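Written below as structure tokens is the structure these notes are about.
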Amino acid sequence: MARTAAEWNAPPKFPATHYVDSRLYTDEAIFKEEKEKLFRPRGSLPATSRSCPGPSTIACSPIRRAFR
């Protein structure tokens, strides 16, 4: 038997922890938050000793994602 639109749009009769809400794939606010968290700058990466200008110096580069 075919389902009605209301049946398709109703959440399943499971606890909320047992299914993935389809808004995760379509909600712009969730997508924006996800991008901000995934692509924000990360910590620093120390350079190799060959990259340092002299003794007792350090060089660090920020770790960032290469794609946006």
Side-chain angles (χ1 to χ4, degrees):
M1 178 165 81
R3 292 202 259 176
T4 65
E7 290 172 324
W8 274 108
N9 293 324
K13 294 180 175 118
F14 297 117
T17 56
H18 286 63
Y19 72 96
V20 176
D21 190 331
S22 63
R23 289 178 299 162
L24 290 176
Y25 305 107
T26 59
D27 188 289
E28 283 294 322
I30 294 172
F31 182 56
K32 181 181 177 191
E33 178 185 358
E34 192 174 65
K35 286 191 301 185
E36 289 170 356
K37 289 180 178 178
L38 284 173
F39 301 117
R40 68 177 173 229
R42 305 287 185 219
S44 295
L45 178 68
T48 62
S49 59
R50 291 181 289 189
S51 302
C52 297
S56 301
T57 60
I58 60 169
C60 292
S61 298
I63 299 173
R64 297 177 191 263
R65 300 289 292 211
F67 50 90
R68 298 189 194 273

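If you read the sequence from its start, that first residue is 1, and numbering goes on from there. For clarity, every value in this text was computed on a predicted model and none was experimentally measured.
For Lys13, the side chain to side chain donor-acceptor pair (under 3.5 Å) criterion is met by no residue, not counting sequence neighbours. Listed by chain and residue number, Thr17, His18 satisfy the side-chain contact (heavy atoms from CB on, under 4.5 Å) test with Pro15 (two or more places apart in sequence, or in another chain). In this view, Thr26 satisfies the side-chain contact (heavy atoms from CB on, under 4.5 Å) rule with no residue, not counting sequence neighbours. Residues satisfying the side chain to side chain donor-acceptor pair (under 3.5 Å) test with Glu33, not counting sequence neighbours, are Lys37. For the side-chain contact (heavy atoms from CB on, under 4.5 Å) test, residues two or more places apart in sequence or in another chain that qualify with Glu28 are Phe31. In this view, Arg23 and Asp21 satisfy the side chain to side chain donor-acceptor pair (under 3.5 Å) rule, not counting sequence neighbours.
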